[in-house]
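Below, read A as the first sequence line, B as the second, and so on, with proteins coming before strands; counting in each chain starts at 1.
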Amino acid sequence: MTLTTFLELAKVCEKLTKTTKTLEKTKIVSNFLSKLEKEEISPAIFLIIGTIFSETDPRTLNINWKSLEPVLKSLKQKTLFQEKLTITSVYKTFLKIAQISGKGSQRKKKDMLISLFSQVSPLEKKFLMRNIFGEMRHGVKEGVMIKAISVASGLDYSNIKRAYMINGNIGEIGKIALEDGEEGIKKVSIKLFQPIKPMLGEIVEDLNQAFNKHGKNLALEYKYDGIRVQIHKSGKIVRIFTRHLKEITSNFPEIIKKILDNIEIDDIIVEGELIAIDSNGRPLPFQDLMHRFKRIYEIKKVQQLIPVSLLLFDIIFCNGKSFLNIPYQKRWKKLSEIVKNFDLAKRIITNNIDEANIFYNNAISEGHEGVMIKALTSIYHPGERKNDWLKLKSEIRLDIVIIAADWGSGRRHKWLSNYHLAVIDEKEEFQVIGKTFKGLTDQEFENITEELLKLKINDNQYTV
DNA sequence: GCTGATGCGTC
DNA sequence: GTCGGAC
DNA sequence: GTCCGACGACGCATCAGC
């Protein structure tokens, strides 16, 4: 058995940067995967797409540019004896780095990085750095990787993709596909406490567009401005996962209790939006909800301060049975039967655009983000952005003044792309309300920059 | 023990 | 989360 | 239609440095 060197992986990555063609990228990666030893498959997949860990894995490196920069600066010239780094040895080093915590941990991590980097060629260094930043910039992420796994294993693309969307661990899926083949991939199924990738919605400009795409038979649901959550329950155990499959169970004890009190079914996976509300039940801004997100200390105290509400809108699994292939309207029916004392997302079913518009306007005036428009007959496509689900968000209807603007960075460096906003209050003074950069096209940035520069009263190179 | 910088994850 | 660009 | 990369604010925890 010969282990593959990290240099070979770096060469593959370099090759990927030389082409923009997806087919070619797929071929390069699949050829490489086919040559690997069994134990190398999963680490290689993660190192190529530049994520180290599966989405479901809570571990992180806690290293980024500011920590890596001093490491790179302190590197001496080549050491005398060079050990050949292999894919698995590099991966193990990353795992060790992720494990270090506590006082002096940054120092230890830096020492490990120094010894790692002092063993490598410039090409290896380039991609080791990108691995740490999680930005490979060679155009291969999950999507192309799934294609490559499919080619390398000779298995059907859609089966691999589906397995990945259900399992969430692309390294594991690659290993199963290449080792166990079709049989292994077919065995991948929904499991409790293993979150699946949530189905996504496509943006539409207005309801006309939505009706044109769907034709008849559609449902409109309120779209709440909060955190998308997937809730797994088995017996007395309940766990909550986010859109990116991170666990946030301990942040919302009252939700756990409510689930246990109101859902009798033993094994179930449901989905909804978690929002912050005030004492009257009106929605609070997203930032307020952030006070509870990732919180470890004073959970009980902040729980009183910022109450949350969970609005359910889908069911994915129930009593050993997957609901992914059940049409939307039947899933909703099942959901509403099971969770009688629970709030479901507010919704209507209609073919009438006027009725839909009234519903949408109600959502906005009640302080919500907009509506989701869903095809009644559509099944649940994990991890995919299909037009079975459409999202319509509110336009800004607020008289605001841009009081300052920051120069953008990267692609936006020529424009003033980040605007400090204010409203004018009763005393005719500016009340700063926040900043934004969203919702504009490049041309709009161009125009706004031009207009703002005419009005500028001060410029410190950064903020105008 | 306190504070600011840094990293991470939500949108 | 948004947007533009490549396929 | 789909995927990828390049962008931003904000809030929390952690850790280095004092």
Side-chain angles (χ1 to χ4, degrees), chain A residues 16-17 19-26 49-51 53 55 58-70 98 100-110 130 132-147 157 161 200-203 213 223-229 241-248 251 273-276 285-299 302 306 369-370 381 383-388 391 393 405-413 415 417-421 433-445:
Chain A
L16 290 170
T17 65
T19 174
T20 59
K21 305 229 185 313
T22 311
L23 281 175
E24 222 169 304
K25 289 179 195 291
T26 308
I49 64 174
T51 58
F53 298 110
E55 269 190 297
R59 291 176 292 181
T60 56
L61 290 180
N62 275 301
I63 299 286
N64 214 311
W65 175 243
K66 287 285 180 184
S67 322
L68 192 59
E69 192 183 19
I100 302 170
S101 69
K103 208 172 171 66
S105 60
Q106 286 298 311
R107 185 68 248 168
K108 282 183 206 161
K109 289 186 186 203
K110 278 174 190 169
R130 293 188 181 186
I132 289 166
F133 300 149
E135 295 172 356
M136 300 309 281
R137 305 189 196 180
H138 54 30
V140 175
K141 275 235 180 306
E142 282 84 353
V144 182
M145 183 55 80
I146 294 293
K147 286 179 183 156
Y157 166 75
K161 184 171 180 177
L200 305 168
E202 211 175 71
I203 296 173
K213 288 202 182 200
K223 185 177 191 311
Y224 302 94
D225 188 11
I227 298 176
R228 175 102 178 250
V229 290
F241 301 91
T242 68
R243 176 157 125 68
H244 294 295
L245 318 186
K246 301 294 176 199
E247 183 164 6
I248 50 169
N251 294 104
E273 189 86 4
L274 200 54
I275 60 167
F286 181 76
Q287 283 97 316
D288 289 336
L289 182 58
M290 282 295 96
H291 289 294
R292 298 200 51 183
F293 179 73
K294 283 184 86 184
R295 177 170 287 281
I296 293 180
Y297 306 104
E298 302 188 300
I299 290 178
V302 184
I306 302 164
E369 208 180 26
H381 300 276
E384 294 189 83
R385 203 180 286 283
K386 296 254 175 197
N387 67 27
D388 289 339
K391 58 178 163 183
K393 300 223 253 182
D406 301 333
W407 290 101
S409 62
R411 205 172 60 80
R412 291 180 173 179
H413 74 278
W415 302 318
S417 69
N418 186 20
Y419 308 117
H420 300 236
L421 304 176
I433 55 173
K435 295 196 236 177
T436 188
F437 62 97
K438 287 212 280 196
L440 295 171
T441 63
D442 287 2
Q443 186 58 48
E444 286 168 321
F445 276 125

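Atom C1' of nucleotide B:dG7 and atom CG of A:Leu68 are separated by 13 Å, given to the nearest angstrom. Following rounding to the nearest Å, A:Ile49 (CD1) and D:dG5 (P) show an atom-to-atom distance of 10 Å. Following rounding to the nearest Å, A:Arg228 (CZ) and B:dT10 (C1') show an atom-to-atom distance of 14 Å. The distance from atom CZ of A:Phe133 to atom C1' of B:dC8 is 15 Å, rounded to the nearest whole Å. One atom, CD of A:Glu135, and another, P of D:dC7, lie 9 Å apart when rounded to the nearest Å. Between A:Lys141 atom NZ and D:dC3 atom P there is a gap of 14 Å when expressed in whole angstrom units. For A:Asp225 and D:dC10, the CG to C1' distance is 13 Å, given to the nearest whole Å. In this entry the distance linking CZ of A:Arg243 with P of B:dT10 reads 9 Å, nearest Å.
Out of B:dC8, D:dT2, C:dC7, the shortest distance to the side chain of A:Lys161 is found at D:dT2. Of the listed nucleotides (B:dC8, C:dG1, D:dA6), D:dA6 has the atom at the smallest distance from the side chain of A:Arg137. You'll find that the side chain of A:Asn387 is closest to D:dG1, out of B:dG7, D:dG1, D:dC3.
Distance check on atom C1': B:dC11 versus D:dC7 gives 14 Å, rounded to whole Å.
The two residues A:Glu384 and A:Lys161 come nearest to each other via the heavy atoms OE1-NZ, 3.3 Å. Annotation for A:Asp225 and A:Glu273: closest pair C-OE2, 4.2 Å, computed over non-hydrogen atoms.
A:Thr242 has a side-chain polar atom (N or O) that falls below the 4.0 Å cut-off from OP1 or OP2 of B:dT10. A close approach under 4.0 Å does occur between a side-chain nitrogen or oxygen of A:Lys386 and OP1 or OP2 of D:dT2.
A:Glu384 comes within 4.0 angstrom of no nucleic acid atom, judged by non-hydrogen atoms across all strands. Residue contacts shown for A:Ile63 are limited to sugar-phosphate atoms, with no base heavy atom under 4.0 Å away. Counting any heavy atom pair closer than 4.0 Å across all strands shown, A:Phe241 reaches no nucleic acid atom. In this structure, A:Ile203 reaches the sugar-phosphate backbone alone: every heavy-atom distance under 4.0 Å involves primed, P, OP1 or OP2 atoms, never a base. A:Lys391 comes within 4.0 angstrom of sugar-phosphate atoms only, judged by non-hydrogen atoms across all strands, and of no base.
Applying the side-chain hydrogen bond (donor to acceptor under 3.5 Å, both in side chains) test to A:His244 and every residue at least two apart in sequence or in another chain returns A:Glu55. Annotation: ring pair (Phe, Tyr, Trp, His ring centres under 6.0 Å) contacts of A:Tyr157 (sequence neighbours excluded): none. Listed by chain and number, the residues in a salt bridge (charged side-chain N to carboxylate O under 4.0 Å, His left out) with A:Glu247 are A:Arg239 (sequence neighbours excluded). For A:Arg385, the side-chain hydrogen bond (donor to acceptor under 3.5 Å, both in side chains) criterion is met by no residue, not counting sequence neighbours.
In this structure, the side chains of A:Arg130 and A:His138 stay at 4.5 Å or more apart for every pair of heavy atoms.
Here the NZ atom belonging to A:Lys393 is positioned 7.0 Å from the CD1 atom belonging to A:Ile203, to the nearest 0.5 angstrom. Distance check, rounded to the nearest 0.5 Å: OG1 of A:Thr26 to NZ of A:Lys21 gives 12.5 Å.
At a threshold of 4.0 Å, the pair A:Lys223-A:Glu369 counts as salt-bridged, since one of the basic side-chain nitrogens sits closer than that to a carboxylate oxygen.
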At under 4.0 Å between heavy atoms, which parts of nucleotides 12-18 of chain D does protein reach? Answer with one letter per nucleotide, 5' to 3': B base, S sugar-phosphate only, - none. SSSSS--
Can you name the atoms? Protein N/O to nucleotides 4-6 of chain B N/O, anything below 3.5 Å, with the distance.
none

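Toward the 5′ end of DNA chain D lies the nearest nucleotide of A:Glu202, the other residue of the pair A:Gln287 and A:Glu202 mapping further downstream.
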